[in-house]
Q: 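Could you have a look at this structure, given as structure tokens, before my questions?
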Amino acid sequence: MTEYKHSVSLDIEKCKGCTNCLKRCPTEAIRIRNGHAVINSSRCIDCGECIRICPYKAKKAISDKLDAIKDFKWKIALPAPSLYGQFDSLDEIDYVLQGLLDLGFDDVFEVARAAELVSGYTRRYINRPNSIKPVISSACPVIVRLISLRFPYLCDNVMPLQPPMEIAAMLAKKQALEKNPDLCESDIATCFISPCPAKVSYVKNDATDKKSYVDCVVSMSDIYFSLLGVMKKAKPLLPLSRSGMIGIGWASTGGESSAIFNDKYLAADGIENVMKVLDQIDNGTFPDLEFIELNACNGGCVGGTMAVENPYIAKARLQTLKRYLPVSQNWNRKTAGEDDFYIPDDYIIQSELEYKPVSQLANDTNEAIKKMADIQAVREQLPDLDCGSCGAPTCQAFAYDVVKGEASEDECIVKMRMRIKELLKSDYAKPEKESAENDSK
Ligand code: SF4
Ligand code: SF4
């Protein structure tokens, strides 16, 4: 199995082993070993929660630099819709798009445009008689990875549609080749401006069945200040933006759902809320809904760890920005195909979402049952404090590590202290007992 490439990483020099991230990680991917955090790559979903919580800035998101595409003949910026919410008093999206051209891009293709197309095809997908309900959005890569690691029975509910970033990159490349017949595919580079590290990982791992059309992913916070510099220059603006309300709406929670034009949906955000929703769908105690939009970050993409602005302020700005826009500028029934269920192959993820059991104890069932019993036996000896001082987030996780051979029972400090106390007691008790016996002689 190829190793998953992550964008969330640790700076060991800065880490103090304080256990804050250990407690926060939703997939129990972190342990403290030798005084610093260690991330288990197979469990990490790149949610960025550890980046948010670390008081020492020891966790960071690794993204590309613009230099990565400097040698390409034709460079296309793909701004996420959340980028527009980062700027104060922005009354025209075109300021941002023009700014990107001024930074050296040859063209801009808004991801919001592709989002409108994905919304159109989502409506068709939900209406297909064979789609498994509730249909779960595939737009947030953290959610897709979480389901593939923890919720085997929900893998088939995940909508097999490419996310807007991928569609935008594909369309941008097609458009560039049409506009510039002297270019060939290898001359063109697409650069997604991302609010979150999970999208970096998505591209690095070619997360679906084929190589991503996105060539480089830069952090929104990296490009923000350069953009501010060029956007200040007053100049007549070209009419560049072609996004509508639906496309911009994707930046925050509820935007994707409201575009399905169907009331039977739920939109949730924040990793803890999302896990509760998934647990409920999984155990069958979920209402009869058709579509579920889940975003790992609070507020949706505007809350990504690579965004600059407070997500709720960004959302409020986007509401103002989209107020006078048409509902959609990109979905057109004629060009999208007249058939009510038609979705082009390019938009569909052909491979099935695979369950990757990271907590599997053994391939053999009898062996796995035995190990579960061993975990329970270790667990019963532990103090049940979930204190984290052993380097695992909970006593249960520690017992699992012990049985897997990744930790030793002696690393439970509470248990160790109790043992030392008992030893000391018996050592001191011995001479006292001896002297009492001598006195009585
Ligand atoms: S929060 Fe995690 S990464 Fe940050 S210092 Fe504490 S243990 Fe290290
Ligand atoms: S990015 Fe999320 S899943 Fe990965 S180690 Fe950090 S908190 Fe855990």
Side-chain angles (χ1 to χ4, degrees), residues 3-63 139-151 194-205 207 217 219-221 268-279 294-301 303-307 311 355-359 386-394 396-398 400-401 406-407 411 413:
E3 178 96 352
Y4 194 85
K5 297 172 202 138
H6 292 278
S7 62
V8 173
S9 74
L10 172 82
D11 183 342
I12 288 183
E13 299 297 315
K14 288 186 181 167
C15 177
K16 310 272 186 225
C18 69
T19 75
N20 277 308
C21 60
L22 180 82
K23 296 280 178 190
R24 186 76 196 139
C25 176
T27 57
E28 298 188 336
I30 303 175
R31 297 290 184 272
I32 306 293
R33 301 272 185 254
N34 302 320
H36 62 76
V38 176
I39 302 176
N40 179 334
S41 165
S42 57
R43 282 175 177 260
C44 175
I45 53 173
D46 289 298
C47 65
E49 287 296 316
C50 54
I51 299 179
R52 286 190 185 93
I53 197 99
C54 178
Y56 303 101
K57 306 225 174 302
K59 292 267 173 48
K60 56 186 176 189
I62 312 273
S63 55
C140 175
V142 175
I143 304 301
V144 176
R145 185 157 159 80
L146 177 65
I147 291 174
S148 79
L149 297 183
R150 295 270 299 265
F151 298 94
S194 178
C196 84
K199 302 248 173 42
V200 183
S201 309
Y202 174 96
V203 169
K204 275 191 197 163
N205 291 287
V217 184
S219 158
M220 202 168 270
S221 53
D269 59 22
I271 195 75
E272 278 162 11
N273 299 327
V274 158
M275 303 250 291
K276 281 184 200 153
V277 170
L278 289 172
D279 275 334
L294 299 172
N295 293 292
C297 297
N298 285 327
C301 293
T305 51
M306 301 198 312
Y355 172 48
K356 298 171 190 116
V358 280
S359 304
D386 293 343
C387 61
S389 50
C390 58
T394 59
Q396 177 70 25
F398 178 64
Y400 173 91
D401 290 353
E406 290 162 9
E411 287 167 68
I413 291 171

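Atoms within each ligand, like the ligands themselves, are counted from 1 in listed order.
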Q: When rounded to the nearest 0.5 angstrom, what is the spacing between SG in C387 and CD1 in I413?
A: 7.0 Å
Q: Would you mind reporting whether C47 and R24 have side-chain heavy atoms less than 4.5 Å apart?
A: no
Q: Within ligand 2, which atoms have a heavy atom of I39 less than 4.0 Å away?
A: 5 (S)
Q: Side chains of D401 and R31: closer than 4.5 Å at any heavy-atom pair?
A: yes
Q: So K59 and I30, do their side chains get closer than 4.5 Å, heavy atoms only?
A: yes
Q: So which protein N/O/S atoms does atom 6 (Fe) of ligand 1 have within less than 2.8 Å?
A: C18 SG
Q: Indicate, as side chain, backbone, both or neither, the part of I45 found under 4.0 angstrom from ligand 2 when only non-hydrogen atoms are considered.
A: both
Q: Does C44 bring an N, O or S atom to within less than 2.8 Å of atom 6 (Fe) of ligand 2?
A: no
Q: Looking at G48, which atoms of ligand 2 are within less than 4.0 Å of one of its heavy atoms?
A: 1 (S), 2 (Fe)
Q: Side chain, backbone, both or neither: which applies to K59 and ligand 1 if a contact is any heavy-atom pair less than 4.0 Å apart?
A: side chain
Q: A side-chain contact here means heavy atoms from C-beta on lying under 4.5 Å apart; do I62 and V200 qualify?
A: no
Q: Give the atom numbers and elements of ligand 2 that come within less than 4.0 Å of a heavy atom of D46.
A: 1 (S), 4 (Fe)
Q: Using a strict 4.0 Å cut-off to heavy atoms of L10, name the atoms of ligand 1 that fall inside it.
A: 3 (S)
Q: Do E49 and E272 come close enough that some side-chain heavy atom pair is under 4.5 Å?
A: no
Q: Under a 4.0 Å N-O cut-off, is there an ion pair linking R145 with D46?
A: no
Q: Could I get the full list of side chain to side chain donor-acceptor pair (under 3.5 Å) partners for T394, not counting sequence neighbours?
A: none
Q: One residue to check: I30. Relative to ligand 2, which of side chain, backbone, both or neither has a non-hydrogen atom less than 4.0 Å away?
A: side chain
Q: Under 4.0 Å from any heavy atom of T27, which atoms of ligand 2 are there?
A: 3 (S)
Q: What are the atoms of ligand 1, with element, lying closer than 4.0 Å to any heavy atom of I32?
A: 7 (S)
Q: Are C54 and C21 close enough that some pair of their side-chain heavy atoms sits under 4.5 Å apart?
A: no
